[in-house]
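Numbered from 1 within each chain, the chains take letters A, B, ... in sequence-line order.
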Amino acid sequence: AQSVAQPEDQVNVAEGNPLTVKCTYSVSGNPYLFWYVQYPNRGLQFLLKYITGDNLVKGSYGFEAEFNKSQTSFHLKKPSALVSDSALYFCAVRGSGSARQLTFGSGTQLTVLP
Amino acid sequence: EADIYQTPRYLVIGTGKKITLECSQTMGHDKMYWYQQDPGMELHLIHYSYGVNSTEKGDLSSESTVSRIRTEHFPLTLESARPSHTSQYLCASQPPGTGVNTEAFFGQGTRLTVV
């Protein structure tokens, strides 16, 4: 079975500082990894994905994520956080095997302090 | 903004009532999903469909049922609502193809409260 772990329920960072939201995964076969963001009372919005190729993936709103196969990680990063980045972030994985559904992590609440 | 719509956005309903949460997408996506999410919590897949007349139960057991009579429409029904059904319900869709490398598009969600 595939799974995703987001070890931090809450991440606080000062505006202008770099941010990292951690994600590790477990799948059979090649992993397809996604990050989504959820603002209050809204659905999920797609940020970025890793399919193949460069380990550093760039996405929307200045976010990027680094795929590390040996550590089975896909941490979300941004060089300079904005207050408007405050939201709930979900990491998700889909394996290349028969399980075609997305499996989501438990989410990390990011708060950027002014 | 993805063209996937959920109605209603908010619903407060009494115990024992039958309710249907609507989800429609205009993108021609064959795959559609329902997730249940408690506030600030992880998403749990409760139903999915890979095409018309195809529905499957997800990872989380749910008393709800779904139907997929048309490609664009994937309604979720609770025959008799209970307070334990209070949650946010998110609908998602995904374009045709193998699907493993395509992202899902989410609706804005329906926040259901059963009193």
Side-chain angles (χ1 to χ4, degrees), chain A residues 1-11 23 27-53 57 59-60 65 67 86-111, chain B residues 1-10 21 23 25 27 29-51 54-60 88-113:
Chain A
Q2 57 195 39
S3 64
V4 177
Q6 291 181 244
E8 301 157 316
D9 292 336
Q10 175 86 37
V11 170
C23 171
V27 289
S28 300
N30 293 324
Y32 299 92
L33 296 153
F34 304 80
W35 274 101
Y36 286 83
V37 60
Q38 185 179 32
Y39 297 99
N41 299 315
R42 300 293 297 273
L44 273 67
Q45 295 178 34
F46 169 74
L47 273 181
L48 52 79
K49 64 183 178 183
Y50 171 82
I51 304 303
T52 187
V57 179
S60 307
F67 171 65
S86 298
L88 188 58
Y89 290 81
F90 289 95
C91 181
V93 67
R94 182 186 291 125
S96 56
S98 60
R100 289 183 284 172
Q101 302 88 19
L102 272 175
T103 298
F104 285 86
S106 55
T108 298
Q109 179 66 48
L110 173 69
T111 301
Chain B
E1 200 78 22
D3 295 323
I4 179 165
Y5 307 101
Q6 289 185 243
T7 57
R9 288 289 312 279
Y10 304 93
L21 308 185
C23 177
Q25 48 91 12
M27 299 174 283
H29 289 176
D30 55 346
K31 302 175 192 63
M32 296 189 75
Y33 308 86
W34 276 104
Y35 290 86
Q36 185 174 340
Q37 181 189 30
D38 291 326
M41 302 288 284
E42 63 191 291
L43 285 79
H44 295 285
L45 181 68
I46 51 174
H47 297 283
Y48 61 98
S49 167
Y50 289 157
S54 156
T55 62
E56 301 286 346
K57 290 190 178 295
D59 304 325
L60 181 68
Q88 171 153 262
Y89 293 84
L90 292 169
C91 181
S93 71
Q94 206 179 337
T98 61
V100 291
N101 61 349
T102 55
E103 62 269 26
F105 295 87
F106 282 80
Q108 300 232 40
T110 294
R111 184 166 297 282
L112 172 66
T113 302

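With rounding to the nearest 0.5 Å, the separation of CD in B/Q88 from CD in A/Q38 is 6.0 Å. Between A/F90 atom CZ and B/Y35 atom OH the span is 11.5 Å, to the nearest 0.5 Å. The distance from the CG atom of B/L90 to the OH atom of A/Y36 is 11.5 Å, given to the nearest 0.5 Å. Rounding to the nearest 0.5 Å places CD of A/Q45 at 12.5 Å from CD of B/E103.
Residue A/Y50 does not touch chain B at all, counting heavy-atom pairs closer than 4.5 Å. Neither the backbone nor the side chain of A/Q6 comes within less than 4.5 Å of any heavy atom in chain B.
B/L43 has its side chain out of reach of A/L102: every pair of non-hydrogen atoms, C-beta onward, lies at least 4.5 Å apart.
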